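This report concerns only the one structure given below.
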Amino acid sequence: MDILVILQAGVASGTVLLFATLGEILSERSGVMNLGVEGMMLVGAMSAYSIAVHLGNPWLGLVVAMLFAGIISQIHAFITITLHADQVVSGLALTFVGTGLSLVLGEGLNKAGTVALLPTLSIPLLEHIPVIGDIFFKNHSIMVYIGYLFIPLTWYFINKTRPGMHLKAVGEFPAAADSQGIKVYRLRYLYVFIGGMLAGLAGGTISLAISPGWFSELTTGGQGWIAVGLVIFAQWNPIRAAAGSYIFGALRRLVLDIQGPTMLLGFANPFFYNPYLGFFLQMIPYAFTIVVLVIGSQEAMRKRIGAPAALGEPYVRGERGK
Amino acid sequence: MVDGNPLEAAETVVKMRGIVKQFPGVVANDHVDFTLYRGEIHALLGENGAGKSTLMNVLAGIYRQEHGHVYIHDREVHFSSPRDAIMAGIGMVHQHFMLVPSLTVTENILLGLDEPRFVMNLDRYDQAIAALSEQYGLRVDPKAKVWQLSVGEQQRVELLKMLYRGAEILILDEPTAVLAPVEIDELFLTLRSMVANGKSIIFISHKLNEVLAISDRLTVLRRGQVTADGIPLQGITRRDLARLMVGREVIFEFEKQAHATGDDVLCVENIWSKNDKGLDALKGVSFSIKAGEIVGIAAVAGNGQSELAEVVTGLRRSSKGTVRILGEDFTNSPVRRGIQFGVGHIPEDRTHVGTAPNLDVTDNVIMKNYAREPIGHGMVVDMGAAHSFAKDLRALYDIVVPNIDTPVRLLSGGNLQRLILARELSGNPPFLVAVQPTRGLDVGAIEGVQRLLLKQREEGAAILLISEELDELLRLSDRLFVFYEGEIMGEITNVHTNDDELVEQIGLMMTGTRMDELHLETEGASHHD
């Protein structure tokens with residue numbers, strides 16, 4: 001059990017959470033909560049892997065993953081934006097749809113044999129920085145580096161650009177945006193689509209880079225749900241989302257690695273391939289999600305920069321009493 | 001219909017003809033005509049629900065009319081979105097501000113514009129906004145976030161937003177409803193300067209005084225129809241306006257019958273209580289109300305009067321002191337006990353405290369007596385009895401609603417208040433707390449609410465009336481207490497309207513002068529006479 005290895009693996013597996021969380025942040029900033037992240041990730045993981053298996057091109061696999069997940073996200077968009085239905089229920093349903101679709105279409109993929117994966121590389125110069133270089137810039141999948149780029153770009157987009165301002169307006173006060181001629185519905189559809197594409201990208205990142213392969217619903221193993229929790233922990237802020245994603249990634253890896261050594265801190269390791277405690281350990285990241293949700297929401301209340309004000313509320317033009 | 005033709009040579013900027021707009025169960029606009037000339041302030045007057053806002057929402061591209069035509073500068077237009085209306089130079093300042101609280105002033109003003117294209121160079125735009133606000137005397141900090149601004153400042157942001165878009169026609173939907181008197185004067189100055197710059201303004205209001213003070217011409221709507229089409233204001237009186245608006249004579253003064261009062265119903269002794277921030281909002285308040293008496297509380301908002309209403313209804317804990325109702329100790333009792341006592345409460349916030357917006361009329365009116373016969377039998381609510389109860393109240397209190405299954409969020413302010421009154425008064429409560437019972441209502445509705453309160457008084461209810469309308473307090477109360485920072489500044493036992501000296505005294509007490517100090521001051525003043 002090497003702390004550097006855990007942190008490095010944490011950054012790698014955190015990249016998956018990062019993409020999914022950023023996607024959900026964009027969707028929720030527009031006022032649409034999409035609990036279908038897990039389903040969309042599975043669809044992404046399956047289709048990316050499937051394309052890589054059949055056509056041999058992992059990049060094409062990623063593109064198809066994003067499009068496919070983006071397209072099924074539009075089911076949720078239609079139900080919640082146009083039909084004004086409850087976002088929680090529709091999102092849960094989307095998870096079931098995505099899971100089912102990916103299981104059916106992914107049947108047999110696990111026996112596909114060798115597959116071209118996304119490249120792994122180190123960043124020249126940066127990789128030689130002690131500790132930091134080892135953790136962040138050495139022997140990572142290219143997706144990890146793409147993830148780094150997404151963090152400032154998303155932040156800049158939301159906070160410093162005109163479309164970002166419109167996004168915030170639509171999620172905070174759609175009637176105000178509407179009164180200034182901003183197409184509320186169109187923007188919400190768009191950001192749900194982008195959220196879906198990023199969830200698909202997260203899925204493809206798992207199956208083609210971080211833990212390659214297709215293992216049915218165990219491929220994502222509930223990471224979509226963790227991403228939903230991380231959005232609240234992040235207070236809808238991409239920078240905080242990155243921190244949360246990497247911490248969570250490291251935690252997941254720690255839980256795996258802690259079961260390896262026979263001795264831990266000079267004592268007999270109680271977790272050493274203990275099946276009962278093993279399940280307990282696997283539970284910890286999810287329990288931590290709950291803790292984070294509680295803390296995150298309290299802090300948000302204190303700081304008054306919490307959820308987008310119109311999150312979860314369908315927008316109906318001109319309705320009284322809103 | 002009164003026809004007006006005052007500004008013969010004036011240029012017509014807006015012409016609306018035969019506008020019809022329906023909502024489920026209501027014809028909001030029934031063949032409405034409207035004409036606006038360049039450089040005028042045109043008042044659009046009408047009661048709540050008369051269709052003023054609907055008509056203007058059609059003009060601003062928010063609603064689309066079912067029939068009728070809209071002409072801007074004599075060219076017919078078909079707005080399919082607010083954006084089209086903005087492009088045509090029409091800017092609407094809504095009653096509820098259309099500002100995003102988490103964005104800055106500048107960001108809100110830039111919202112929806114084509115400039116800047118992508119990257120927001122906010123500093124540059126901050127300067128442009130500052131220059132514009134200078135030009136029209138609309139002071140506001142461009143970098144401030146909207147949630148940090150006062151209501152008056154937010155309104156200035158709305159006006160700036162329209163001016164920045166080059167709006168030539170400004171629609172102001174009840175702009176004064178949220179403003180303090182000083183801010184209203186400032187707004188009127190701004191409006192005059194805009195008109196002087198060639199803008200045309202539509203001023204929606206139901207406040208007769210303001211209409212008389214600011215506008216050049218007016219159009220009156222009643223129940224979706226025009227009762228006065230662009231008449232000039234010369235020679236028009238308040239009474240004429242009220243008649244056009246309500247369709248009958250409104251009696252501005254009504255005699256309060258003197259009558260005998262009974263025993264103490266509410267008795268508050270040395271009450272202390274904290275506000276939501278944890279600071280003392282009430283500091284040792286003592287008074288009592290007898291049966292058949294209306295006791296008014298006059299104070300500037302935020303001086304403990306809201307907390308008092310909550311303490312005596314059980315919604316807020318008192319940290320010290322006692323509350324007795326009908327002789328029984330009610331200090332820090334649960335609200336349910338108050339309901340069992342028959343305490344009626346007309347809360348300040350009628351949409352969120354007074355009603356459950358998404359529930360229908362029936363559910364809202366049975367909220368207090370659902371557990372009691374004949375509506376409740378043990379665990380079961382008899383919906384048949386509940387519906388007939390709701391139907392009776394709808395008829396008795398004249399609640400205008402298509403049917404009793406309508407969610408109450410669709411009701412207009414006046415109807416919603418009548419619904420709350422119906423619920424609170426139907427059991428003839430011995431003690432009633434009324435907080436701002438007529439705020440935001442139009443003349444007709446105000447009169448109705450005040451009559452209902454006086455009727456309760458005659459039937460022997462003790463009423464605690466909290467209002468920011470001094471006029472209303474003077475008209476209804478038997479006695480008045482003036483609050484300042486949670487303390488009673490003085491009690492006025494001889495209440496009557498049209499007494500300038502009394503109003504001045506109350507004004508001084510509302511700003512922190514105690515009554516005993518006041519006597520010294522007024523005596524000093526009278527020597528000069």
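Here is the naming used below: chain letters follow the sequence lines, and residue numbers restart at 1 for every chain. Every value quoted in this text rests on a predicted model; they were computed, and no experiment measured them. Below, each value reflects all heavy atoms present in this structure, side chains not excepted, and no hydrogens, waters or symmetry copies.
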Does CG in L125(A) sit with more than 12 non-hydrogen atoms of other residues, nucleotides or ligands closer than 6.0 Å?
no
Please classify the contact of S53(B) with chain A as side chain, backbone, both or neither, using a heavy-atom distance under 4.5 Å.
neither
For chain B, find which of A177(A), A309(A), A176(A) contributes the most heavy-atom pairs closer than 4.5 angstrom.
A176(A)
So does M367(B) have more than 12 non-hydrogen atoms from other groups sitting under 6.0 Å from CE?
yes
Greater than 12 external heavy atoms within 6.0 Å of H67(B)'s NE2:
no
I'd like to verify something: which residue of L110(B), L416(B), V408(B), L113(B) has the highest number of heavy-atom pairs under 4.5 Å with chain A?
L113(B)
Among the options S81(B), S102(B), G91(B), P407(B), pick out the one with the most heavy-atom pairs lying under 4.5 Å from chain A.
S102(B)
Restricting to non-hydrogen atoms, name the atom on P82(B) and the atom on S179(A) that form the minimum distance, rounded to 0.1 Å.
CB-O, 3.5 Å
Please report the shortest heavy-atom distance between F173(A) and F97(B), naming the atom on each side.
CE1-O, 3.1 Å
Look at N57(B), D84(B), L99(B) and state which one has the largest set of heavy-atom pairs under 4.5 Å with chain A.
L99(B)
Do K168(A) and L103(B) have side-chain heavy atoms sitting under 4.5 Å apart?
yes
Counting only heavy atoms from other residues, nucleotides and ligands, does the tally under 6.0 Å from CZ of R165(B) exceed 12?
yes
Of all the heavy-atom pairs spanning V100(B) and E172(A), show the shortest one and how long it is.
CG1-CB, 3.4 Å
Can you spot which of L111(B), V119(B), D114(B) makes a side-chain contact (heavy atoms from CB on, under 4.5 Å) with R162(A)?
D114(B)
